[in-house]
Q: 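For reference, the structure I am asking about is given below.
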Amino acid sequence: MLTVEDLLHLDELKGVTLLAGEKNIKNQILQVNIMENPDAFDWLTPGEMLLTTGFIFKDDEAMQKRLIRDLAKMNCSALGFKLQRYFDEIPESMVKLANKVNLPILSIPYDYNFTEIISIINQNHKFNQGMVSSLEVSMHNKMYRILEAGNGSKHVIQKLSESIQNPVALLDQNFNPTFYSDLPNNPIRISNILKKPQNVQYIQQFLSERINSSLRFYQDPINLDFNFGQETVPIRIFPIKKNTIIISYLIIWNTMHELGPLDIIELKVAAQYLLLQLQLEDSLNIESYQKRNEMFFEIIRNKYQNEDDLMQFIKYYQLKTDAIYSIAILSTNTAAHSNRQMMNLSTRLNQMLIGYRQKMICIEYSNSFILLIQDPPADEKEYLKTMNTIGKSLLNQLAKESNVPDITMVIGPTVPNIKQIYVSFQQALQTLDIYNSDASLDSSNRIISYDDVFLKHIIRDHLSVDGLHKITERFITPLRQFDSLNKSEYLKTLQAYYQANRNITKAAENLFIHRNTLLHRLSKIEEILNISFDTPGDNLQLEFVIYIFPLL
């Protein structure tokens with residue numbers, strides 16, 4: 001393969017001379033690029049030779065030194081410096097630093113064209129394709145054996161880490177850590193960093209600010225540094241992508257071994273297998289997720305076929321058979337989301353639930369989530385207090401998340417054992433239905449329990465259809481007909497009157513009318529319905545009607 005020393009002896013490039021870094025004159029040149037843009041610092045690759053006129057750092061000594069350090073750090077082969085354009089000679093500080101870090105600097109005559117230099121190097125390239133092919137075949141065999149044995153992406157990450165002798169982490173498309181593989185002698189442990197939530201959040205924010213959509217078009221990893229307090233972690237980021245769609249990211253911890261050209265080849269081969277395996281695992285995860293949901297629904301709806309199904313459910317979620325249970329529903333109140341979005345949000349909720357005393361399981365249901373709570377407080381007052389506290393905590397955490405819809409939490413009652421869980425689920429569903437249909441309820445209250453609509457539950461469950469029809473005919477229909485014929489608002493006035501607890505002033509304010517106007521309307525209502533607001537029995541009937549009116 002072509003080395004820096006070989007280049008200096010090419011007849012076509014006789015004017016090129018070595019000014020610094022003689023100790024690494026055997027550096028291999030894998031590719032040549034022109035660098036006149038400071039953004040190129042992040043895209044340096046091992047074995048790369050860079051050509052420059054010095055324009056980007058002609059007035060910046062700090063950038064001159066940074067360039068030398070970064071090129072050496074990335075195992076770049078050499079820096080070709082074209083003089084007499086912006087520099088008459090290479091700055092002495094750059095030469096001294098290059099000799100210190102053993103980076104070859106080549107002086108290129110002014111009349112040499114960069115394009116011609118690249119063409120000449122490519123024509124004389126002696127890169128041993130046989131050796132590369134052999135390495136690729138070896139890595140393909142390693143990856144194939146892993147997957148053939150039934151192992152997954154986690155084992156691919158481990159094998160890659162061993163091959164390139166650096167820790168490796170796999171992040172999903174949102175920069176959430178999925179798997180990582182550390183090495184025994186790694187001075188900066190991945191496990192110590194990723195176990196701290198604040199570090200994970202820092203990584204996510206750091207990458208989201210620095211990684212843009214253009215990464216999907218590049219073929220080589222990019223170079224960045226993480227700073228964790230006093231520790232700096234040099235990293236290489238390589239996207240795992242299908243065409244130009246990024247599926248995940250490989251993060252190489254450059255803490256043990258600088259990536260060389262052959263390491264990059266192994267990295268790219270591993271990425272090919274990871275793409276296929278991650279797509280397969282994603283499909284299997286969704287299928288398994290849906291099957292678990294179906295089993296969960298059968299239990300909470302009392303639709304399971306036999307005791308074996310129930311025991312499988314209990315075993316899978318590691319539940320107790322003799323504990324108290326309850327159900328809470330987190331309703332998103334939004335249009336349908338994709339399976340992937342709901343699955344991700346369910347995973348996030350389950351992560352949040354780990355920190356609570358009660359064991360809770362979250363499962364996506366339709367466009368909402370169901371919480372199965374094990375061992376809630378047996379005392380009803382304490383139970384409702386605890387669930388309200390949990391609800392406020394969850395909703396506050398979710399409010400800080402991005403792309404999370406508004407959520408209402410509905411709390412079902414406790415039941416004595418897992419077999420009765422369907423009772424809590426049905427009451428939670430009914431409570432949610434009443435909440436969504438009853439305009440008189442406070443819509444700003446995002447946590448509501450079965451106890452908040454207890455009487456409406458009783459009425460809905462036990463008042464016959466015929467009874468509801470008679471109530472409507474006696475009190476609602478006359479006002480509706482009168483309002484329709486006269487374009488008045490007597491039904492609305494009656495509702496406002498009782499919703500204000502018969503406070504004339506407050507009801508008038510809520511209706512935006514004068515107090516005397518309200519009194520006149522109430523008098524007319526007495527006439528239409530043939531009742532008197534001064535009669536306790538009539539008042540009781542009317543207040544009851546207005547209370548259950550949303551159910552009619």
Side-chain angles (χ1 to χ4, degrees), residues 329 331-335 368 405-411 427-552:
I329 298 176
S331 175
T332 61
N333 300 318
T334 59
S368 300
D406 289 337
I407 290 179
T408 299
M409 181 173 178
V410 176
I411 304 166
Q427 290 204 37
L429 280 180
Q430 291 176 16
T431 301
L432 179 60
D433 184 44
I434 291 173
Y435 174 84
N436 288 332
S437 62
D438 191 345
S440 66
L441 291 172
D442 182 5
S443 59
S444 64
N445 182 17
R446 292 297 182 183
I447 303 174
I448 186 167
S449 75
Y450 62 94
D451 193 56
D452 295 326
V453 291
F454 173 77
L455 182 57
K456 290 180 180 178
H457 266 304
I458 298 298
I459 294 167
R460 174 176 282 194
D461 292 344
H462 300 288
L463 192 61
S464 66
V465 175
D466 183 56
L468 288 171
H469 179 71
K470 288 179 179 179
I471 291 172
T472 302
E473 287 296 312
R474 172 66 183 88
F475 295 105
I476 303 299
T477 301
L479 292 178
R480 277 180 171 161
Q481 290 176 345
F482 191 90
D483 285 342
S484 178
L485 290 173
N486 299 278
K487 297 183 179 180
S488 54
E489 294 184 330
Y490 287 111
L491 180 56
K492 180 179 178 181
T493 300
L494 186 63
Q495 288 177 280
Y497 177 59
Y498 281 107
Q499 287 168 0
N501 198 24
R502 298 176 64 191
N503 184 309
I504 297 294
T505 302
K506 185 176 180 182
E509 289 176 354
N510 291 340
L511 289 168
F512 301 103
I513 60 176
H514 193 273
R515 188 174 188 276
N516 292 338
T517 303
L518 177 61
L519 290 172
H520 172 76
R521 288 186 183 181
L522 293 176
S523 177
K524 188 64 178 179
I525 290 172
E526 288 180 319
E527 179 184 328
I528 295 170
L529 297 180
N530 191 27
I531 55 92
S532 172
F533 288 110
D534 294 328
T535 302
D538 287 347
N539 259 311
L540 178 62
Q541 291 184 83
L542 286 172
E543 189 164 8
F544 178 74
V545 168
I546 294 304
Y547 180 76
I548 68 168
F549 176 67
L551 304 177
L552 300 177

Q: Between K524 and E527, does any side-chain N to carboxylate O distance fall below 4.0 Å?
A: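 Between E527 and K524 there is a salt bridge, with a charged N closer than 4.0 Å to a carboxylate O.
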Q: Any heavy-atom pair between the side chains of L529 and L542 that's under 4.5 Å?
A: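 Touching, per the 4.5 Å side-chain cut-off.
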Q: Does G537 offer a backbone N or O that forms a donor-acceptor pair with the side chain of T535 under 3.5 Å?
A: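 Between the backbone of G537 and the side chain of T535 there is no qualifying donor-acceptor contact (under 3.5 Å).
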Q: Output the distance between atom CD1 (I476) and atom CG (L494), rounded to the nearest 0.5 Å.
A: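 Rounded to the nearest 0.5 Å, the CD1-CG separation comes to 7.0 Å.
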Q: Could you list all the side chain to side chain donor-acceptor pair (under 3.5 Å) pairs where at least one residue sits in residues 512-521, not counting sequence neighbours?
A: T493-R521
Q: Taking everything shown except N486 itself, do over 12 heavy atoms lie less than 6.0 Å from its CG?
A: yes
Q: Give, for atom CD1 of I504 and atom CG of L519, the distance between the pair rounded to the nearest 0.5 Å.
A: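 I504 CD1 to L519 CG: 5.0 Å, rounded to 0.5 Å.
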Q: Taking the side chain as everything from C-beta on, heavy atoms only, tell me whether F482 gets closer than 4.5 Å to L491.
A: no
Q: Evaluate the ring planes of Y497 and F533, with Trp represented by its six-membered ring, and classify them as parallel (under 30°), tilted (30 to 60°) or perpendicular (over 60°).
A: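 Rings of Y497 and F533: perpendicular, as their planes differ by over 60°.
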Q: Report the C-alpha separation of L511 and E489 in whole Å, then their side-chain angles, then the decisive distance to 0.1 Å, and conclude whether the side chain to side chain contact (heavy atoms under 4.5 Å, CB included) test is met.
A: CA-CA 10 Å; L511 289 168; E489 294 184 330; 5.7 Å; no
Q: Which atom pair, heavy atoms only, marks the closest approach of D483 to Y490?
A: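 The pair with the smallest heavy-atom distance is OD1-N, 2.9 Å.
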Q: Over all heavy atoms of both residues, which pair between N539 and R502 is shortest? Give the atoms and the distance, please.
A: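 For N539 versus R502, the nearest heavy atoms are ND2-NH2, 2.9 Å.
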Q: Minimum heavy-atom separation for N510 to A500, with atom names?
A: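 Closest heavy-atom pair between N510 and A500: ND2-CB, 4.4 Å.
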Q: Please find the pair of heavy atoms, one from A496 and one from A507, that lie closest to each other, and give the distance.
A: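 Closest approach of A496 to A507, heavy atoms only: O-CB, 3.8 Å.
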Q: Show your working on side chain to side chain contact (heavy atoms under 4.5 Å, CB included) between Q430 and D433 and close with a plain yes or no.
A: CA-CA 5 Å; Q430 291 176 16; D433 184 44; 5.5 Å; no
Q: Taking T431 for its side chain and Q427 for its backbone only, find out whether a donor-acceptor pair lies under 3.5 Å.
A: yes
Q: Ignoring hydrogens, what is the shortest heavy-atom contact between S331 and S368? Give both atom names and the distance.
A: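 Minimum heavy-atom separation between S331 and S368: CA-OG, 3.3 Å.
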Q: If we only count heavy atoms from C-beta on, is the R474 to I531 side-chain gap below 4.5 Å?
A: yes
Q: Quick one: CD1 on I447 to CD1 on I411, what's the gap to the nearest 0.5 Å?
A: 6.5 Å
Q: Just wondering, do Q541 and D538 contact through their side chains at under 4.5 Å, heavy atoms?
A: yes
